[in-house]
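For reference, the structure is listed below as structure tokens.
Lettering of chains follows the sequences in order, A, B, ..., and the numbering in each one begins at 1. In what follows, every heavy atom counts, from backbone to side chain, and hydrogens, waters and symmetry copies are set aside. All of these numbers come straight from a predicted model, not from anything done at the bench.
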Number of protein chains: 2
Amino acid sequence: MVTERSDGVVAALRASLPEQRLITAPDSVARYAHDEAEWAPYGQPAAVVRVSSTDEVVTVVRAAAEAGVAVVPRGAGSGLSGGANALDGCVMISFESMNSILEVNTAEQLAVVQPGVINDEFRSACLEHGAWYPPDPASSPWSTLGGNVATNAGGVCCVKYGVTRDYVLGMEAVLGSGEVVRLGRRTAKGVTGYDLCGLFVGSEGTLGVITEITVKLRPGTRAPERTVVGAFDSLVDAGAAVSEVTASGVVPSALELLDGQTLRAVDEWKNMGLSSEAEVLLLGRSDAPGAAGEQEVETLLSCFDKGGARWSTHSTDQHEADALFAARRLAYPALERLGPLLTEDVCVPRAAVPEMLSRIERAARRHDTRIGNIAHAGDGNLHPLIITPAGDDAARQRAQRAFHDIVDDAIALGGTVTGEHGVGLLKRKGLHAELSPTVVGMHEAVKNALDPAGIFNPGKVFGAPHD
Amino acid sequence: MVTERSDGVVAALRASLPEQRLITAPDSVARYAHDEAEWAPYGQPAAVVRVSSTDEVVTVVRAAAEAGVAVVPRGAGSGLSGGANALDGCVMISFESMNSILEVNTAEQLAVVQPGVINDEFRSACLEHGAWYPPDPASSPWSTLGGNVATNAGGVCCVKYGVTRDYVLGMEAVLGSGEVVRLGRRTAKGVTGYDLCGLFVGSEGTLGVITEITVKLRPGTRAPERTVVGAFDSLVDAGAAVSEVTASGVVPSALELLDGQTLRAVDEWKNMGLSSEAEVLLLGRSDAPGAAGEQEVETLLSCFDKGGARWSTHSTDQHEADALFAARRLAYPALERLGPLLTEDVCVPRAAVPEMLSRIERAARRHDTRIGNIAHAGDGNLHPLIITPAGDDAARQRAQRAFHDIVDDAIALGGTVTGEHGVGLLKRKGLHAELSPTVVGMHEAVKNALDPAGIFNPGKVFGAPHD
């Protein structure tokens, strides 16, 4: 059945789209079949369409709806939850060729982009116009604005400047009927009707296909950041320092944590000499101007010391400061060199950070797994990365058990199973643990209301988990 | 029919609620029947329930759903669009007795409140804990957090610090089934499923009854604000100065406009001597600390001058500065003394502020009406207030025509018909002009999905307008 319907949709697409848009050769299609989530299942798409316009998206959606075939939109495939993974026989919409920056408008402090624009390229273009787009996920060199919006991506500076949702003013989207709608607005404020634009942000491709995005910008006139470093003997000490920072009232422009596993992995790869300095590093930043910035640095250092830092310092050498944050960005690929990573993304109340870190350590011991910790610590958003030797099935099963224990612990501490990566496939079980059946029912009702044929990324997010 | 069903629900409520919760005497009920929107129609409620707990809200919703009677939730009744107006035979839920601050938590930078808490009382309580809740609608001395959330209220400092939606982390709500759900979260970040919490914010009571609200706080350690004043000969000059401010990259913590009509009305009431100074005043504020604040003040003054200010000054006398912002708060009641006000709330792209102000002046002349202008100018959110002598039907009809012309002009300039007051009843025609029929259809589908019996505030927001 799937095959028949898929053959039908491929024939329809071949008849209505320029040849170069359509990819159907199985090995070429396979390149698009999954994102970066290790172990999340994926199927074989019937076709990938590299769309170049909203009209082409309409063509794809109409053909898929007609045939009853699933549509899976895809940005750069840098997701970590399987949200963009293919379903057997589906049509994937790739936005790699729909990547223009349509407008950067400093008078209105907004920009309009196509979904395939790369985050870093967009942020550079904004800076050239004297404007700043803050959301900076670690994937920013590769990930697209469309993917960022679909997952409501976070990043390093979110602790002070908010996440992707806080910057999305409006969008164009294609509905299951093939109709094109404009949601949201171009004005600074607006309350005309339901916030359907906000509803689409973070909906992981399950409600429609986003074809254009209007984001809010900030002025690019930002004070240079000051960097502080704290070295700790234990995760729990570092967690205590994070709680001190929140209680101090200072909102740093970054507050990142790297543990010993991670520091050693970065050193093994890049020989930066970090792991000899500490078992855990906290990296903080302040972008407050002038004397206020100096005061914030003093406060951050004093919070680090109160948490029990072995040492803490204001890194006045810009080269060194940049290297430290570069190490933060290298952490994920550095750990990935040690074997497939099962990526956690729990977020807990800030005061629960020390307890959550200690529970992660216990889960690692209990299941005999290696876990590297990187964290947007100031947000309470932790990324324990469970490392398994490639091909070791027993280790993989132990990792899965640790993964589920960590999710359970986060919920028990009043946290959430995903802070910024999205539910996709990997966190569906967690979603069902975190949300009540009634709230899951609200999701189903909204999905049915806006995608009655159920063609958009079916089974993702709140679908029944099979693990 | 309405009467029969309403009699049934009143009997059911009488049987299941403490006597003092229920108000059914027609003249007592009438006090709750409408908000502050002049000329918005309202009916006669069958009963008002002054709820004291979520359980009581459940009781009311169940009884109303059983009888097929509409439920209209109500905060302080300070709304300006008729969103809380009664429907004939409805049950109104008043939150005046459900007004506890349940938690102010500086470690997590959040607070939990019941819907009936008054905005100013809540903000004072936060300050006592060293925390700050920014949203400050002009109604803050009376309006409730529940009403603020239902309408996604704005205010003076939103130009820098965002609107109510930006601060709502989570909520408890009662659905049409009588089920109680928790939406959103207590963590700084979270992307588990759809943003149903954000969907409820600004839904004006049409999706469910909000019974508890969790909001994000900011640290209360804010630098003292500096105030700048610019006096202009015309609205258009002041509008040009506003555009200069946006282009400068300075984000003021307030940027308010008061026109001559308004200044004279304030003077006639409070004799503040404002109207002799200028035809239009711009009031700006900076809360940047130290030298950065001084720099912002210089930039604001220079923008005022570039816009063509007659004079501009940094008001270093705190008493005088406070008086100017007090005048801003007095503007609405001062104009109200001249006769019933038809309140506009359009929001246009910032660069269109001068053109919109000039179109408002033309609409006033065209329809021979008096219009006072107050505006959150830095947001492009304008409040032309159309003044009619009480009891003058012809003037009232001219005012209605001016009202509709202003709405049309805002849409023509790429703006929205309501920046912060909500659609309620008065802006329904505007909503249908602003949103495409397909987007209105999405509203209907979401409403039907989450309130299948259609009991919550039916006919409001996207219902067919009858004017």
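- Of the listed residues B:Thr206, B:Val346, B:Asp345, the one with more heavy-atom pairs under 4.5 angstrom with chain A than any other is B:Thr206.
- Taking the charged nitrogens against the carboxylate oxygens, B:Glu344 and B:Lys427 do have a contact shorter than 4.0 Å, which makes a salt bridge.
- Options A:Thr187, A:Thr416, A:Leu175 differ in how many heavy-atom pairs under 4.5 Å they form with chain B, and the most are formed by A:Thr187.
- Contact annotation for A:Leu431: both backbone and side-chain heavy atoms come within less than 4.5 Å of a heavy atom of chain B.
- One finds the CD atom of A:Glu108 at 11.5 Å from the OG1 atom of A:Thr214 (value rounded to the nearest 0.5 Å).
- The greatest number of non-hydrogen atom pairs below 4.5 Å with chain B, out of A:Thr418, A:Val446, A:Leu450, is found for A:Thr418.
- With a 4.5 angstrom heavy-atom cutoff, A:Val439 touches chain B via backbone and side-chain atoms both.
- Contact tally against chain B (heavy-atom pairs below 4.5 Å) for A:Val191, A:Asn381, A:Val440, A:Val250: the top residue is A:Val191.
- Within the 4.5 Å cutoff, side-chain heavy atoms of A:Pro134 are placed close to those of A:Cys157.
- The nearest pair of heavy atoms linking B:Gly155 to B:Cys158 is N-SG, 3.1 Å.
- Under the 4.0 Å criterion applied to side-chain N and carboxylate O atoms, A:Arg182 and A:Glu172 are assigned as salt-bridge partners.
- Salt bridge absent: A:Asp166 and A:Lys216 never bring a charged side-chain N and a carboxylate O closer than 4.0 Å.
- For B:Arg186 and B:Glu103, the salt-bridge test passes: some basic side-chain N is under 4.0 Å from an acidic carboxylate O.
- Closest approach of A:Gly193 to B:Val461, counting heavy atoms only: CA-CG1, 4.0 Å.
- Contacts of A:Pro289 with chain B are made by side-chain atoms alone, with heavy-atom separations under 4.5 Å and no backbone atom involved.
- Of all the listed residues (B:Thr438, B:Asn448, B:Val423, B:Leu435), the one sharing the greatest number of non-hydrogen pairs under 4.5 Å with chain A is B:Thr438.
- Classification of A:Lys460 and A:Glu204 as a salt-bridged pair fails, no side-chain N sitting under 4.0 Å from a carboxylate O.
- Looking at A:Asp379, the atoms closer than 4.5 Å to chain B (heavy atoms on both sides) sit in the backbone and in the side chain alike.
- Scanning all heavy atoms of the two residues, the minimum distance from A:Cys347 to A:Gly419 falls at CB-CA, 3.9 Å.
- By number of non-hydrogen pairs under 4.5 angstrom with chain B, the leading residue of A:Gln295, A:Met442, A:Glu444, A:Lys447 is A:Met442.
- In terms of heavy-atom pairs under 4.5 angstrom with chain B, the leader among A:Pro219, A:Gly198, A:Gly378 is A:Pro219.
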### Task
Show the numbers, then the answer: is there a side-chain hydrogen bond (donor to acceptor under 3.5 Å, both in side chains) between B:Arg218 and B:Tyr161?
CA-CA 10 Å; B:Arg218 284 178 174 268; B:Tyr161 292 102; 5.6 Å; no

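- In this structure, the side chains of A:Leu199 and A:Leu196 come closer than 4.5 Å at one or more pairs of heavy atoms.
- Of the atoms belonging to A:Val163, it is side-chain heavy atoms, and not backbone ones, that fall under 4.5 Å from chain B.
- In this structure, the portion of A:Leu183 lying under 4.5 Å from any heavy atom of chain B is its side chain and not its backbone.
- At a threshold of 4.5 Å between non-hydrogen side-chain atoms, the residues B:Leu169 and B:Cys197 do not count as touching.
- Proximity to chain B is limited to the side chain of A:Glu434, based on heavy atoms less than 4.5 angstrom apart.
- Contact of A:Phe462 with chain B is made through the side chain alone, with heavy-atom distances under 4.5 Å.
- Within the 4.5 angstrom heavy-atom criterion, atoms from both the backbone and the side chain of A:Glu420 approach chain B.
- For the set A:Val201, A:Thr106, A:Thr246, A:Thr151, the entry with the most heavy-atom pairs within less than 4.5 Å of chain B is A:Thr246.
- Minimum interatomic distance between B:Ala375 and B:Leu382 (heavy atoms only, all atoms of both residues): CB-CD2, 3.5 Å.
- There is no contact between B:Arg185 and chain A, counting heavy-atom distances below 4.5 Å.
- Neither the backbone nor the side chain of A:Ser177 comes within contact range of chain B; no heavy atom of the residue lies under 4.5 Å from a heavy atom of that chain.
- Contact of A:Val417 with chain B is made through backbone and side chain together, with heavy-atom distances under 4.5 Å.
- Interface remark: of the candidates B:Gly220, B:Ala188, B:Gly422, B:Ala188 forms the most heavy-atom pairs closer than 4.5 Å to chain A.
- Interface residue A:His421: only backbone heavy atoms are found under 4.5 Å from chain B.
- Residue A:Ala351 touches chain B through both its backbone and its side chain, counting heavy-atom pairs closer than 4.5 Å.
- Heavy-atom distances place no part of A:Ser243 under 4.5 Å from chain B, backbone and side chain included.
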